[in-house]
Amino acid sequence: MDLSRFTKVSDYEWRVEPFGKMRVPAVIYASEALLREMDEKVFEQVTNVATLPGIVKASYAMPDAHWGYGFPIGGVAAFDPEAGGVVSAGGVGFDISCGVRTLTTGLTVADVEPMKKALADILFARIPAGVGSTGSVHLSMEEMDAMLEGGARWAVSRGFGTEADLERIEERGMMAGARPEEVSQQAKKRQRDEVGTLGSGNHYLEVQRVAEIYHPHIAAAFGLKVGDVVVSIHCGSRGLGHQIGTEFLRSMALAAKEYGIELPDRELACAPIRSDIGQRYLGAMRAAINCALANRQVITHLAREAFATLFPQARLDLIYDVSHNTCKVEEHEVDGRSRKLYVHRKGATRAFGPGRPDLPEAFRHVGQPVLIGGSMGTASYVLAGREESEHHAWGSACHGAGRSMSRIQATKRWRGRDIIEALAVRGIEIRAPSLRGVAEEAPGAYKDVSAVVDAADRAGLAHKVAKLTPLVCIKG
DNA sequence: ATGTCC
């Protein structure tokens with residue numbers, strides 16, 4: 001990335017003043033080193049987003065930003081319906097409501113270490129993973145609609161998990177405003193047997209150790225201490241979300257033309273929030289959010305069953321579940337006035353600071369857990385939202401390491417078998433349905449997640465709270 | 001991310 005086009009606001013904030021058809025500036029939060037390494041495409045995409053109608057304040061990119069479909073992955077943008085604001089399917093991403101949940105187990109590394117291989121085997125046997133993987137949950141079309149309305153709440157009502165889990169999920173487990181009738185039959189058909197499955201790509205279930213604590217006070221509120229074993233689940237809305245994204249990108253391209261919205265890139269296809277197509281997308285997208293919440297809830301149930309076979313004393317309690325591919329209506333203060341904005345976070349995690357009434361009481365005083373999934377074999381992090389974050393990018397932070405190499409490049413460079421063996425030597429048990437998938441996800445194909453998280457912390461997007469390192473990884 | 005091209 002050529003740094004000469006930026007104004008340096010601070011060591012971790014870089015600004016592009018509006019040029020051409022940009023309505024607002026673009027802002028990238030990153031260290032100088034991360035910005036230099038960043039894909040040139042991020043500059044193009046983050047400034048393209050700044051041209052869209054009704055965008056408020058700025059178009060933002062997080063430290064892990066990289067090239068995405070239309071919007072960068074790691075992009076944040078808010079739109080005001082009163083100012084002709086738009087909603088964009090590409091601004092949410094194909095894997096609608098992809099996200100991470102982390103659970104404490106009540107176990108320590110000493111408990112789990114001797115049982116690691118057996119635990120890996122049983123988790124891999126019970127949790128379906130891989131492209132097109134199907135699970136033990138099969139939905140009739142009526143049940144499908146109930147799932148799309150109810151999210152994790154539906155899952156709990158069907159025996160997957162407990163009421164207590166719901167408190168610890170964004171939107172309390174159920175996204176309001178879902179419109180299952182706006183989800184195509186094709187999307188529902190694809191999802192029929194996919195609830196409770198991990199999927200592929202960067203999705204995983206990991207058993208992790210709490211390796212370091214940076215902020216003891218907040219870590220205690222989250223229930224984390226060094227040597228504890230936790231479980232993290234990273235996945236989304238599977239075939240259903242992907243199908244919705246595909247269909248609405250097509251119809252939004254037509255809608256943009258119809259509403260005379262000039263697009264610098266056709267991948268930015270969008271529709272006014274106050275339009276039929278905009279409202280239909282929001283209803284379908286919220287249904288997909290519920291699908292992802294239900295999916296992570298069912299997988300949690302499967303993980304609890306797997307743990308119970310080896311560790312009857314284990315108790316998997318949810319810390320939090322937060323998505324990083326969404327468009328959500330939120331109240332934010334702009335120039336002293338509270339406005340209702342449609343905040344797109346694509347590969348960006350909501351990071352609300354202390355005091356927000358929608359946060360669970362247990363940690364409302366310290367801020368929201370921001371769960372950052374690393375790449376395979378590398379660390380993950382728990383961050384906490386802070387008040388300052390809400391003055392930056394509408395209370396958002398990074399979501400992971402971000403790729404630094406394409407999947408094709410990675411498969412040319414590494415072999416899945418070698419990666420699994422190398423990680424086993426380091427004490428990390430990988431189980432995966434596809435060796436090619438493992439090569440694509442090689443740790444070397446990703447940026448350094450620690451550098452990304454440090455930049456997020458220094459930029460004021462979130463506090464670094466804890467570092468998690470993998471013991472077992474069930475790879476999608 | 002994805003029934004990795006209906």
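Nothing here was measured: the structure is a model prediction, and the numbers come from that model. As a basis for the values below, the full set of heavy atoms in this structure was taken, side chains included, without hydrogen atoms, waters or symmetry mates.
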Please report, rounded to the nearest Å, how far the [atom2] atom of [N] is from the [atom1] atom of [X].
| X | N | atom1 | atom2 | value |
| --- | --- | --- | --- | --- |
| A:Gln409 | B:dT4 | CD | C1' | 17 Å |
| A:His242 | B:dC5 | NE2 | P | 10 Å |
| A:Arg407 | B:dT4 | CZ | P | 14 Å |
| A:Ile244 | B:dT2 | CD1 | P | 14 Å |
| A:Gln191 | B:dT2 | CD | P | 10 Å |
| A:Asn295 | B:dT2 | CG | C1' | 14 Å |
| A:Gln243 | B:dC6 | CD | C1' | 11 Å |
| A:Phe94 | B:dT4 | CZ | P | 14 Å |

Next on the checklist: Restricting to ring pair (Phe, Tyr, Trp, His ring centres under 6.0 Å), what partner residues turn up for A:His399, sequence neighbours left out?
Outcome noted: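 Expected list: A:His324.
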Once you apply a heavy-atom cut-off of 4.0 Å, does [X] come out as touching a base, just sugar-phosphate, or nothing?
| X | value |
| --- | --- |
| A:Arg436 | base |
| A:Thr246 | nothing |
| A:Gly199 | sugar-phosphate |

Checklist entry - Should we say atom CZ of A:Arg458 is surrounded by more than 12 heavy atoms from elsewhere, each under 6.0 Å from it? => result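 Not more than 12 within 6.0 Å, no.
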Checklist entry - Is a salt bridge present between A:Asp165 and A:Arg304, judged by a nitrogen-to-oxygen distance below 4.0 Å? => result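 A salt bridge is present here (some side-chain N lies under 4.0 Å from a carboxylate O).
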Sequence neighbours left out, cut at 3.5 Å: what donor-acceptor pairs do the side chains of residues 431-441 of chain A make with other protein atoms?
| from | atom 1 | to | atom 2 | distance (Å) |
| --- | --- | --- | --- | --- |
| A:Arg431 | NE | A:Asp121 | OD1 | 2.7 |
| A:Arg431 | NH1 | A:Glu429 | OE1 | 2.9 |
| A:Arg431 | NH2 | A:Asp121 | OD1 | 3.1 |
| A:Arg431 | NH2 | A:Glu429 | OE1 | 3.3 |
| A:Ser434 | OG | A:Arg436 | N | 3.4 |
| A:Ser434 | OG | A:Gly437 | N | 2.8 |
| A:Glu440 | OE1 | A:Arg407 | NH1 | 3.2 |
| A:Glu441 | OE1 | A:Tyr446 | OH | 2.8 |
| A:Glu441 | OE2 | A:Arg403 | NH1 | 3.4 |
| A:Glu441 | OE2 | A:Arg407 | NH1 | 2.9 |
| A:Glu441 | OE2 | A:Arg407 | NH2 | 3.3 |
| A:Glu441 | OE2 | A:Tyr446 | OH | 3.4 |

